[in-house]
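A quick write-up on the structure given underneath.
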Amino acid sequence: MKSKHERDDAADLSELLRSARPEARLPDGFGASVWRRIEQSEETTESSPPWWVRLAWMWVEPRRAFATLALVSLLGAATGLVQGWQWSERLARDRYVTVVSPLPPWP
C-alpha cells in the first residue's frame, strides 16, 4: 500500500510532467502531409520489385547458391562423361577400320 508521501511524490511528478509538455502549434497542413506520406509508403510497399530483383534475392541465399553451383558442376561432369564416351567410341571405330582396311578410304 502506498504511503501519503509516495502519493504526494506521484502527484508532484504528474504535475511536473503536465507543465513540461510543449505547447507548440503544428504547421498548417501537417496532418494532410503525414497522411500523404503514409499513403505513398503503402503504395511503394505494395508494388513488387521486378522479376530480376526477386531472382537475384532468391540466389543470394547461400544455401541456394551452393545448390546451384553443385547442380551446374554435376551437369558439367555428366556432359564431359557423355562426350568422352562418344569420343572414345569414335576413336575405337576409326582404329578398327584402320586395322581391317589399312588403305585410306579416299581414291
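What's counted below: heavy atoms across the whole structure, side chains too, no hydrogens, waters or symmetry copies.
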Single-linkage hydrophobic cluster Ile38~Phe30, side-chain heavy atoms < 4.5 angstrom: yes

Cluster overlap Leu75 with Leu81, hydrophobic side-chain contacts below 4.5 Å: no

Hydrophobic cluster identity match, Trp51 and Trp57, side-chain contacts under 4.5 Å: yes

ILVMFWY network linking Val60 to Leu55, side-chain heavy atoms under 4.5 angstrom: no

More than 12 heavy atoms from other groups under 6.0 Å of CZ on Arg25: no

Separation of Met58 CE from Thr68 OG1 (nearest 0.5 Å): 8.0 Å

Non-neighbouring partners of Gln83 that pass side chain to side chain donor-acceptor pair (under 3.5 Å), sequence neighbours left out: none

Trp85-Glu89 side chain donor-acceptor pair, cut-off 3.5 Å: yes

For residues 10-18, please give each side-chain donor-acceptor pair under 3.5 Å, one per line with the distance, not counting sequence neighbours.
from, atom 1, to, atom 2, distance (Å)
Ser14, OG, Ala10, O, 3.0
Glu15, OE1, Arg18, NH1, 3.2

